[in-house]
Amino acid sequence: MAGEVLNIEQDKQFELEDRFLLFYINEMLHSVELRYVLEIITVQRVTHLPNLPEYIKGIINLRGKVIPVIDMRMKLGLEERAYDDKTCIVVIDINEMHIGLIVDSVSEVVTISKGSISATPPGDVAAKYIASISTHNEGTVLNIDCEKLFVNDLDTVAAN
């Protein structure tokens with residue numbers, strides 16, 4: 001039975017390899033590896049928590065699970081804007097912690113082959129959170145490194 005579970009996990013990893021969820025933040029195309037994505041939901045009422053960075057908007061209750069929500073525009077140093085009907089929350093799982101990412105809009109799920117992925121330019125400020133850069137027929141895609149981008153936030157949210 002244990003071997004069967006392992007095979008299912010390996011099959012799932014293989015299915016998600018080279019698959020990315022594309023979304024927009026400030027008219028720029030970003031992506032996260034699909035293996036991190038749990039679901040996409042509409043923006044809902046967020047309960048504010050005190051003493052957190054401004055970009056951590058608070059928490060939501062998603063089917064009994066409390067999930068911290070981060071406004072990606074603010075996390076990336078961009079100006080906050082009002083949410084609209086395209087704004088959504090991408091729920092991801094990093095190290096068994098669920099986090100909601102508020103993005104301007106979701107585009108699609110795509111396969112990005114390793115051959116079309118480039119490293120970030122050396123010394124680039126974006127290297128702090130960008131794993132790589134790729135191209136898609138919609139343009140340049142900034143592939144987010146979830147673990148780098150949220151490393152400090154995981155501890156902050158867990159402490160509250």
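Index from 1, following the sequence. Bear in mind the structure is a predicted one, so any value in this text is a computation, not a measurement.
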Practice task
Please report the closest heavy-atom contact between Cys88 and Val106, naming both atoms and the distance.
Solution key: SG-CG2, 3.2 Å
Practice task
Measure the CD1-CG distance between Ile70 and Leu52 for me, rounded to the nearest 0.5 Å.
Solution key: 9.5 Å
Exercise for the section: Mark yes or no for whether His30, through its side chain, and Met28, through its backbone, hold a donor-acceptor pair below 3.5 Å. Expected result: yes
Practice task
Can you run down the salt bridge (Lys or Arg N to Asp or Glu O under 4.0 Å) pairs that involve residues 85-104, sequence neighbours left out, and say none if there aren't any?
Solution key: Arg73-Asp104, Arg81-Asp104
Fill in the blank from the handout: Heavy-atom nearest pair, Phe20 first then Ser31, reads CD2-OG, 3.4 Å
Exercise for the section: Would you name the heavy atoms of Val103 and Met72 that are closest together and state the gap between them? Expected result: CG1-CG, 4.1 Å
Handout entry: For the student: nearest non-hydrogen atoms of Gln44 and Asn61, plus distance
Key = OE1-O, 3.8 Å
Exercise for the section: Dump the intermediate steps for side-chain contact (heavy atoms from CB on, under 4.5 Å) on Tyr83 and Ile89, then the final yes or no. Expected result: CA-CA 11 Å; Tyr83 303 147; Ile89 299 175; over 6 Å; no
Exercise for the section: Indicate if Leu22 and Leu38 have the same hydrophobic cluster label, given that clusters are the connected sets of ILVMFWY residues with side-chain heavy-atom separations under 4.5 angstrom. Expected result: no
Practice task
Give the cluster check for Leu76 versus Val32: same hydrophobic cluster or not, with ILVMFWY residues linked at side-chain heavy-atom distances below 4.5 Å.
Solution key: yes
Exercise for the section: Measure the CD1-CD1 distance between Ile59 and Ile99 for me, rounded to the nearest 0.5 Å. Expected result: 13.5 Å
Practice task
Look at the side-chain heavy atoms of Ile, Leu, Val, Met, Phe, Trp and Tyr, link any pair under 4.5 Å apart, and say whether Leu62 and Leu49 land in one connected group.
Solution key: no
Practice task
For Tyr24 and Ser107, work out which heavy atoms get closest and say how close.
Solution key: CE1-CB, 4.0 Å
Completion exercise
Output for pair (Arg35 CZ, Leu21 CG), nearest 0.5 Å, gives 14.0 Å
Problem - Shared hydrophobic cluster, Ile56 / Ile25 (ILVMFWY, side-chain heavy atoms < 4.5 Å) - result: yes
Problem - Heavy-atom closest contact (Pro68 atom, His98 atom, distance) - result: CD-O, 3.3 Å
Exercise for the section: Supply the atom-to-atom distance Tyr36 OH to Asp145 CG, rounded to the nearest 0.5 angstrom. Expected result: 6.5 Å
Handout entry: Qualifying residue for side chain to side chain contact (heavy atoms under 4.5 Å, CB included) with Ile133, from Val141, Ile117, Leu142
Key = Leu142
Exercise for the section: Indicate whether the side chain of Thr111 and that of Asp18 have a donor and an acceptor atom separated by less than 3.5 Å. Expected result: no
Problem - Approximate separation, where rounding is to 0.5 Å, of Glu80 CD and Glu54 CD - result: 6.5 Å
Handout entry: Rounded distance (nearest 0.5 Å) linking atom CG of Leu149 with atom CD1 of Ile94
Key = 7.5 Å
Handout entry: Joint hydrophobic cluster, Ile144 plus Met74, side-chain heavy atoms closer than 4.5 Å
Key = yes
Exercise for the section: In sequence, state the C-alpha distance, the side-chain angles, and the governing distance for Val109 and Arg19, and then conclude on side-chain contact (heavy atoms from CB on, under 4.5 Å). Expected result: CA-CA 7 Å; Val109 173; Arg19 306 277 290 163; 3.4 Å; yes
Handout entry: Heavy-atom side-chain proximity of Asn143 to Ile112 below 4.5 angstrom
Key = yes
